2 protein chains.
Amino acid sequence: MSNNVTFTEKLRSSGLRPTKQRIEICKLLFNRANTFHFTINDLNKLLNKTSEKKISLATIYNTVHAFKKKGYLKEISINSERSYFDTNVTNHHHFFDESNNELIDLDNKYVEKITISKSLPGKKIKSVEVLVKVANNN
Amino acid sequence: MSNNVTFTEKLRSSGLRPTKQRIEICKLLFNRANTFHFTINDLNKLLNKTSEKKISLATIYNTVHAFKKKGYLKEISINSERSYFDTNVTNHHHFFDESNNELIDLDNKYVEKITISKSLPGKKIKSVEVLVKVANNN
DNA sequence: AATTTAACTTATAATGATTCTAAACTAGTG
DNA sequence: CACTAGTTTAGAATCATTATAAGTTAAATT
Ligand SMILES: [Mn+2]
Ligand SMILES: [Mn+2]
Ligand SMILES: [Zn+2]
Ligand SMILES: [Zn+2]
């Protein structure tokens, strides 16, 4: 996703009507160079600044869940206080900075192949992800 | 921790009074051969079966948080639906079985050393943990 | 272009897990 | 036994999230 017309097409192609609320949210989430990690609360505050007319909190929840369901967002659980959403929907690794509660992508190319010499009978692996918790020095 | 007397001593030594509720919960959590992964709801249901007199839900919350604070339990976030607690408080890896929402320890010896060729300036690493999501075959 | 329909947005209410409160109880101290 | 600080508890409060249902809008149909 990159510009408004593309957002409109993208939404329509996945069976979601391109409402002005959804396009507004798309611009905010996907018009970015880098991955964006956010909580519902972050998004709500951002939209209050950015957006002309207020988007109701119910719509923000609806939209984020609709986007997650369509595969445009991924939910990441790091701690019980906050739930994060991620515009990078691939399987990937993260740093979590405990000093400021910030999630940061850790590209697969920086993590040497992970070899696991144990398997669970009758189960297949869906994903293997690393979480590196960090904090400020001293 | 292993038997009642030990629980009493252990609790006392960490500044927690060995009440019958706490010892009851200790027995349930720590008198086990293997690590135990549970939600507050799991624990509540288990205590209803096991325990003679009912332990109030507030006490279960209080106790789990007290044990976490003292370092006898670790909280694990896997998804936004449930928060798990873990009697294995070391840094370690997990399988998460999406077919039945079960958390399973993945011992460090089964995971080849994880090498990360990226660091964040001014930040130090607190933990590196792998989460392997699995599900039933076919 | 007007009509019709289903999808969507929204304010507001409901829900439910967790936390708080404050009164009764208990472990530990002497 | 008497005292104190810590603990348990039922019930109330909180708050993030979800549900409701009435109004609005996109888009298909005529
Ligand atoms: Mn959610
Ligand atoms: Mn908690
Ligand atoms: Zn990410
Ligand atoms: Zn574990």
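This structure is a prediction, so every number in the text was calculated from the model and none was measured. Just so we're on the same page: letters track the sequence lines, and every chain starts at 1.
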Please tabulate, one pair per line, each protein N/O and nucleotide N/O from nucleotides 28-30 of chain C that are separated by under 3.5 Å, including the distance.
from	atom 1	to	atom 2	distance (Å)
C/dG28	OP1	B/Arg12	NH1	2.3
C/dG28	OP2	B/Arg12	NH1	3.3

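The side chain of B/Thr59 contributes no N or O atom lying less than 4.0 Å from OP1 or OP2 of D/dT7. Phosphate contact (OP1/OP2 of D/dT18, side-chain N/O of A/His65, threshold under 4.0 Å): present. Listed pair B/Tyr61 / C/dT18 meets the phosphate criterion, a side-chain N or O lying under 4.0 Å from OP1 or OP2. Residue B/Arg82 places none of its side-chain N or O atoms closer than 4.0 Å to OP1 or OP2 of C/dA17.
Across all strands shown, A/Asn62 has heavy atoms under 4.0 Å from base atoms, whether or not it also approaches the sugar-phosphate. Among the protein residues, B/Lys54 comes within range of the sugar-phosphate backbone only, with heavy atoms under 4.0 Å from sugar or phosphate atoms but none that close to a base.
Proximity note for A/Gln21 (side chain, C-beta onward) versus C/dT9, C/dT19, D/dT17: the nearest is C/dT9. Distances from the side chain of B/Ile55 to the nucleotides C/dT18, D/dT8, D/dT9 place D/dT9 closest.
Inspection of the B/Asn136 and A/Lys123 side chains reveals an N or O donor paired with an N or O acceptor under 3.5 Å. Using modelled atom types and a 3.5 Å distance limit, the side chains of A/Thr39 and A/Asp42 yield a donor-acceptor pair. A donor-acceptor contact closer than 3.5 angstrom links the side chains of A/His37 and A/Asp105. Side-chain contact check for A/Ser80 and B/Glu75: at least one donor-acceptor pair (N or O, by modelled atom type) lies under 3.5 Å.
Atom CG of A/Leu11 and atom P of D/dT25 are 18 Å apart (whole Å).
Between B/Phe67 and B/Tyr72, the ring-plane angle classifies as perpendicular under the 30° and 60° cut-offs. Below 30°, between 30° and 60°, or above 60°: for B/Phe96 and B/Tyr84 the angle between ring planes is above 60°, a perpendicular geometry.
Note: the hydrophobic cluster containing A/Val130 also contains A/Val128 (ILVMFWY, side chain heavy atoms under 4.5 Å, direct or indirect links). Under the 4.5 Å side-chain contact rule for hydrophobic residues, A/Leu131 and A/Val89 do not share a cluster.
Helix-axis bend for the helix from C/dA1-D/dT30 to C/dG30-D/dC1: the local axis fitted to the five terminal pairs at one end deviates from that at the other end by 30°, rounded to 10°.
Between the OG1 atom of A/Thr19 and the CD1 atom of A/Ile55 there is a distance of 8.0 Å, given to the nearest 0.5 Å.
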